[in-house]
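Counting starts at 1 for both ligands and their atoms, following the listed order.
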Amino acid sequence: MSAAPSTAPLLDVRNVEKTFPGVRALTGVSFDVRAGEVHALLGENGAGKSTLIKIVSGVYQPDAGEILIDGRATRFASPEDAKRAGVATIYQELLLFPELTVAENIFLGHAPRAGGGRIDWRVMRAKAEALLASLEINDLAADQIVGALSVGHRQRVEILRALSHDARILIMDEPTAALTEGDVTRLFDIVGRLKARGVGIVYISHRLDELFEIADRVTVLRDGAYVGSRQVADTNAAELVQMMVGRRIENLFPKFAVPIGGPVLEARGLVCHPMTKDVSLTVRAGEIVGLAGLVGSGRSELAQVLFGITPAEHGDIQLAGKAVQIDSPERARARGIAYVPEDRGVQGLVRPMSVLHNFSLAALGALSRLGFIDRAAERRMAEAGVQRFSVKTSSVDEVAGRLSGGNQQKIVLGKWLANNPKLLILDEPTRGIDVGAKAEIHRLMCELAGEGVAILMISSELPEVLGMSDRVLVMREGRLVAEFDREHATSEAVGAAMMGSDATMERASQ
Ligand code: ADP
Ligand code: MG
């Protein structure tokens, strides 16, 4: 149910901008919340959600843009200002005093006073009980010590604290992240009651199933920018995932089927604190396995475990059926693993060096005889590389950093392939490069697969994952949570698994 649209929204955020040193955290973001509405904010890690709500709750000041409360432009110089205007925020880290009671926590800083200015404990207790009763919370008492309560109960105390300030706008940043299932149900029940009272709720969550359950509207942010808003009833998981990750479905992938051989990589129970939690996977010769997941789900960390940059603390790795220790990148390389990291500037390409030297760097072992580098062989190899990967450069002596992103990426790939790897790990192989270079990299991947290379490809572009993979693995919060073969890997199914929602799959297909 939504409120009459003719009245001004409770909260109206217009074109808000915020820059931190070196980071444009928000660029022109707008959204509004009406009385009795739950408006969800959705976006990958770093999209700007927390920054936005910190602006709305007076923690940060925007560099530009406006905040209107009941249609009137407002400036919050502090969180106290925001509170006075009826905006209450419940952060992930609950800010309660464990040694105080429920009632004391609720009324801390604004306790009812008796004559003479002393705290009126009797009234305070009665008010706390009235608040508890108003939300039909009957498993919590006003005089319980907060330190002994569960996370779910403590969160209810925070909500009551917000209501004690007559909050009309309640902001919750990932409120279910630390809750048990039972507590999530209780929270949703409370959210329903607050809506019925006309409170406007801003709800941040990664989880699509929750959003479909309790939100009326959703606004998607990406890289600090406003992507769009939808009525929840008019959208589905696939559309929201696409808005979050920001790529349109193009199905022009030159994927061709090649025979798939035996396992090249078999990893079992890999653990590496804090992002890799009991991961098992297999990649076979000739197979392209796509690793999907949201930013922050632990995909790059897994690649770094497999390449020995941060070796696994537990678990086993077999390469071509033999148990191996991958405890350093040197060891990984020697075992036939190649890894093209996400940021080619930092880990892949030496920008100031020539194309020639970039190509030869990874193959120095093969090029040196008795400690001398065979210059002619070096040049021949680089020229062959330029040809094979269609690197567009005037000559192999050109400085690598002057080439386009796509051509730089081809050189990085070429460097790694010089060692004839058995397993190629690619992290975002085509991010930020033009369509033509993209297609060439995809073609190259297919060629390599055809030669029997096992490829593990991390990509945030769902169409790329779906288009290029024989099999799709989905990672979420450090674990592999789903696996799809090529026929069953639809954007709805993979998107729902990325977001942690199975409920939405039915919804999306209705
Ligand atoms: P989200 O909550 O959607 O994960 P955030 O709002 O926390 O995103 O972050 C948005 C961007 O702003 C990120 O790039 C983050 O690193 C940056 N950022 C957030 N807070 C600060 C800060 N206090 N100083 C500098 N950069 C920040
Ligand atoms: Mg956040």
### Expected output: side-chain R154 to main-chain L149 donor-acceptor under 3.5 Å
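Yes; judged by distance alone, with no hydrogens or angles, the pair exists.
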### Query
Is the distance from the Mg ion (ligand 2) to some N, O or S atom of T51 under 2.8 Å?
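No, outside the cut-off.
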### Task
Please confirm whether A47 comes within less than 3.5 Å of ligand 1 when only nitrogen or oxygen atoms on both sides are compared.
yes
### Query
What residue among H39, R230, K49 forms side-chain hydrogen bond (donor to acceptor under 3.5 Å, both in side chains) with T219?
H39
### Message
Side chains of T430 and Q409: any donor to acceptor distance under 3.5 Å?
### Response
no
### Query
Are G43 and ligand 1 in contact, using a heavy-atom cut-off of under 4.0 Å?
no
### Side-chain (E17) to main-chain (P62) donor-acceptor, under 3.5 angstrom
no
### Query
Where is the nearest protein heavy atom to atom 10 (C) of ligand 1: which residue, which atom, and how far?
G46 O, 3.3 Å
### Message
Determine whether any protein heavy atom is located less than 4.0 Å from atom 4 (O) of ligand 1.
### Response
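Protein heavy atoms within 4.0 Å of atom 4 (O) of ligand 1 - there is at least one.
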### Query
If only atom types and distance count, is the side chain of S57 paired as donor or acceptor with the main-chain N or O of P79 below 3.5 Å?
no
#### Entry: Polar side-chain atom of D183 near backbone of L179 as donor-acceptor pair, under 3.5 Å
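No, the answer is negative, given that no donor and acceptor are paired below the 3.5 Å cut-off.
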### Task
Output the list of atoms in ligand 1 that are nearer than 4.0 Å to some heavy atom of S50, sorted by atom number.
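Heavy-atom distances to S50 below 4.0 Å select 1 (P), 2 (O), 6 (O), 7 (O).
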#### Entry: Backbone or side-chain N or O of F20 under 3.5 Å from ligand 1 N or O
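The answer is no, given that F20 and ligand 1 share no N or O pair closer than 3.5 Å.
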### Query
Hey, are the side chains of E428 and S459 touching, using non-hydrogen atoms and a 4.5 Å cut-off?
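Yes - at least one pair of side-chain heavy atoms lies under 4.5 Å apart.
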### Query
For S491 and Q242, what are the C-alpha separation, side-chain angles and deciding distance, and is it a side-chain hydrogen bond (donor to acceptor under 3.5 Å, both in side chains)?
CA-CA 9 Å; S491 61; Q242 240 168 59; 4.7 Å; no
### Message
Is atom 21 (C) of ligand 1 near the protein, in the sense that some protein heavy atom lies at less than 4.0 Å from it?
### Response
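Neighbour list for atom 21 (C) of ligand 1 includes protein heavy atoms (cut-off 4.0 Å).
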### Query
At a 4.0 Å threshold, what atoms of ligand 1 neighbour a non-hydrogen atom of V23?
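Per the distance check, 12 (O), 14 (O), 17 (C).
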### Query
Any luck finding a side-chain donor-acceptor pair between T89 and D173 under 3.5 Å?
no
#### Entry: Residue, atom name and distance, where the atom is the protein heavy atom closest to atom 8 (O) of ligand 1
G48 N, 3.1 Å
### Task
Examine the proximity of ligand 1 to T51 and report which part, side chain or backbone, both or neither, has a heavy atom under 4.0 Å away.
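For T51, backbone and side-chain atoms both sit under 4.0 Å from ligand 1.
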### Query
At what distance is the nearest protein heavy atom to atom 12 (O) of ligand 1, and which residue and atom is it?
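Answer, as residue, atom name and distance: A25 CB, 3.3 Å.
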#### Entry: Residue, atom name and distance, where the atom is the protein heavy atom closest to atom 23 (N) of ligand 1
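Sorting protein heavy atoms by distance from atom 23 (N) of ligand 1 puts Y60 OH, 3.3 Å first.
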